[in-house]
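The structure under discussion appears below in the form of structure tokens.
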Number of protein chains: 2
Amino acid sequence: MDTADRTPSVTGGGRGRPRAGARGQTASMADVARLAGVSSQTVSRVSNGYAGVTEETRQQVLAAMKELGYRPNSAARALKRGEFRTIGVITFSLSTTGNVRTLEAIANSAAHEGYAVTLLPVAVPTQDEVRGAFTRLEELAVDAVIVIMEVHLLDAATIALPPHVQVVVVDSDAGDRYNVVDTDQAGGSRAAVRHLLGLGHGTVWHLGGPEGSFAAQRRADAWHAALVEAGRTPPPLLRGDWSAESGYRTGLELAAREDCTAVFVANDQMALGLLRALHERGRRVPEDVSVIGFDDIPEASSFLPPLTTLHQDFAEVGRLCVKNVLRKMRHEGAERGTTLVPTRLVVRESTAPPPSQA
Amino acid sequence: MDTADRTPSVTGGGRGRPRAGARGQTASMADVARLAGVSSQTVSRVSNGYAGVTEETRQQVLAAMKELGYRPNSAARALKRGEFRTIGVITFSLSTTGNVRTLEAIANSAAHEGYAVTLLPVAVPTQDEVRGAFTRLEELAVDAVIVIMEVHLLDAATIALPPHVQVVVVDSDAGDRYNVVDTDQAGGSRAAVRHLLGLGHGTVWHLGGPEGSFAAQRRADAWHAALVEAGRTPPPLLRGDWSAESGYRTGLELAAREDCTAVFVANDQMALGLLRALHERGRRVPEDVSVIGFDDIPEASSFLPPLTTLHQDFAEVGRLCVKNVLRKMRHEGAERGTTLVPTRLVVRESTAPPPSQA
DNA sequence: GAGGCCCATGTTTGCGTAAACATCGCGGCG
DNA sequence: CGCCGCGATGTTTACGCAAACATGGGCCTC
């Protein structure tokens, strides 16, 4: 009778509850409970799939939920449980294939694990901007963060991160301080150089990425090492900014050098530009010059000629990021260290033996 | 005295508060309030920048916040305020340039407005998948949703959406039921056709996108209409799936037709494949065949030859999406209707007058 | 047949915040 | 000189959910 007495005045529909912030009414557990004739705790149990609820009761509750269009309120749930089931992804621009593909893989993996992904774009990759993003992130509802970005930009910002937010990094060499997941840049570059040397080229030129990029650095280093290891003389390192345009500019220079018969380009976009430059200058690919890229973007097979390149398994990178960050959250180890995802050489039509100089 | 009595046992530091869900301690308002010697409400006022707090008190509170590393708990805040300050973006794959660029613009605009963006990837564009995404979304902490996707896939799912969640759609013709923001597909296509006719071509072929796509449909319709309007006979419509590979396949067919001197391709990727096919078959671009694309992806200027195409202003589309959805949330109108963002013709080297057939 | 035990369910409580309301003290004005 | 008003601050309460604890009834065991 206590219940009967309280029902109408405290929680009853008659009151026309105020509902401060939100516009649209949303049924709460209490509403469902009342309709189903059970306690709100029982509704909670059904909602969370706990055992110990009679099938009959469960059906009643489910029916009531359906009738009222009940949706659990995630804010309340997060408040109570102390976790948001959300992963933040902080990245500098979505203009590079790699970042996008990785992000997509992360989002898919996270969804699969029941986590949502909140995106934090950083317009300009300066420390200030990154710090700004992290500041926003702190106030945000995330349990963990994945950083797709060279980590040195993040160092100053890290201080501000709440201590319990776990971080996993892509594209960095900070394996000693963070948990890093990355493509095996070095292995891929070695494979590229060996492929070209194996075709008979005397040496291999390299068009690398921009200075700040860890991936670019790593690819350039491995290229250099592979040549030295094979007893060849590495030509001077050329640099682009990942864009097709920069590949074109470099290609114009390179086309003028008769002694250049093989180029390893640090990504497919630049390779595209390079192909255009070579074509314009009358240097045939692969007859006069062999070109190999990195990434294996979907368009690579439609380049002129179809591009030999190193396939990156972005999906795997994303998957591992999520896996690692969740493991860290659950304190199952893997606090630091680097996980490498292997690449795969895809041979198409842009590489061939060098022109016979006999 | 009641207060004095309760303080040590209820909120005092001595107890070592349990902190159920979360790992890392986070200072709460109460902690800050105690340290600063004020009430938690005053902390709230400082935290939210309300007037009516003495500068002196404010400084004390700020100092206490800093010392404790206080971060407002967004779950509690969301629960109290009834809003999450988060926008959900649901999209089918991030593999097309347009989607990615739009997403990026949305994220930037949202960040600018103080909103976070939660990503909801849909692996396969089936109704079931979309409905699944929406179900996840419902339980998610979002105030509004932007759908980057043909809307008919979403129809069945909409029912499940909580009524107060606003929706804005990209790439759809559902302007009568939703608020739609989109590139002016028709205007762009007309510009493409007119550009080619203006160069002297008798008619223009069209390689369109896949059946399900509204953008593809719209571009094809406008292409057809522009030709009819100019008194030309439209050739049969060809279809690809947006991929360079499909452009290549179509290109092989088209290369065999002597009467084809101009092709309007519905996106740049397919144009890339088409260029390769024409090249392989010895049809020169633009001397023998003119090709015009759509999108103006960054690589388009590095195609062989650099591609004439229609520039889409994705940044503007994203900005408008956010603007509209926020306006809807604030009930400032704009419930329905379509907003079109104009395109811009970028003339490069893939278009020229037709070969003289005299 | 009585005691205990366990299963299904109900009740209480508090997560951190902020709106609403309460209080308190001080200055100005009649 | 007393009262009013207002500005600064404190107190209470509820947001929706779920852990912890409470209850109560049926069944098993000896």
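We name chains A, B, ... by the order of the sequence lines, and we start the count at 1 in each one.
- Along DNA chain D, the nucleotide nearest to Ser40(B) and the one nearest to Val43(A) differ in position, and the one closer to the 5' end is contacted by Ser40(B).
- The phosphate of dA18(D) has OP1 or OP2 within less than 4.0 Å of a side-chain N or O from Asn48(A).
- Using a distance-only test at 3.5 Å, with no hydrogens or angles considered, a donor-acceptor pair links the side chain of Asp143(B) to the main chain of Phe84(B).
- With Ser109(B) contributing its side chain and Ala105(B) its backbone, the two residues share a donor-acceptor pair below 3.5 Å.
- Distance, Asn73(A) CG to dG16(D) P: 7 Å, rounded to whole Å.
- For Ser28(A), no side-chain nitrogen or oxygen approaches OP1 or OP2 of dG16(D) to under 4.0 Å.
- At the phosphate of dA18(C), OP1 or OP2 sits under 4.0 Å from a side-chain N or O atom of Arg77(B).
- In this entry the distance linking CG of Leu79(B) with P of dT13(D) reads 18 Å, nearest Å.
- Side-chain N or O atoms of Asn48(B) include one that pairs as donor or acceptor with a backbone N or O of Ser44(B) at under 3.5 Å.
- Here Thr57(B) does not reach the OP1 or OP2 of dA8(D): none of its side-chain N or O atoms lies under 4.0 Å away.
- The main-chain N or O of Ala30(A) is found under 3.5 Å from a side-chain atom of Ser28(A) such that the two form a donor-acceptor pair.
- Atom CZ in Arg81(B) sits roughly 18 Å away from atom C1' in dT13(D) (whole-Å rounding).
- In this structure, Arg58(B) atom CZ and dT9(D) atom C1' are separated by 16 Å, rounded to whole Å.
- Put simply, Tyr50(A) has no side-chain N or O that comes within less than 4.0 Å of OP1 or OP2 on dA18(D).
- The residue among Gln41(B) and Ala75(A) whose nearest nucleotide of DNA chain D is located toward the 5' end is Gln41(B).
- If you measure from atom NZ of Lys80(B) to atom C1' of dC15(D), you get 6 Å, rounded to the nearest angstrom.
- In this structure, Glu83(A) atom CD and dG16(C) atom C1' are separated by 17 Å, rounded to whole Å.
- If you check dA18(D), dG10(D), dT9(C) against the side chain of Ser44(A), the one that comes closest is dA18(D).
- At the heavy-atom level, Val53(B) lies under 4.0 Å from the strands shown only through sugar-phosphate atoms.
- Atom CZ in Arg34(B) sits roughly 11 Å away from atom P in dG16(C) (whole-Å rounding).
- Separating the CZ atom of Phe84(B) from the C1' atom of dT17(C) is a distance of 14 Å, rounded to the nearest angstrom.
- Contact between the side-chain N/O atoms of Arg45(A) and the OP1/OP2 oxygens of dA18(D) is not found at any separation under 4.0 Å.
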What verdict does the side chain to side chain contact (heavy atoms under 4.5 Å, CB included) test give for Val325(A) and Ile87(A), after you've listed the backbone C-alpha separation in whole Å, the side-chain angles of each residue and the deciding distance to 0.1 Å?
CA-CA 9 Å; Val325(A) 88; Ile87(A) 296 171; 4.0 Å; yes
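- Nearest to the side chain of Ala76(B), among dG16(C), dA18(D), dT9(D), sits dG16(C).
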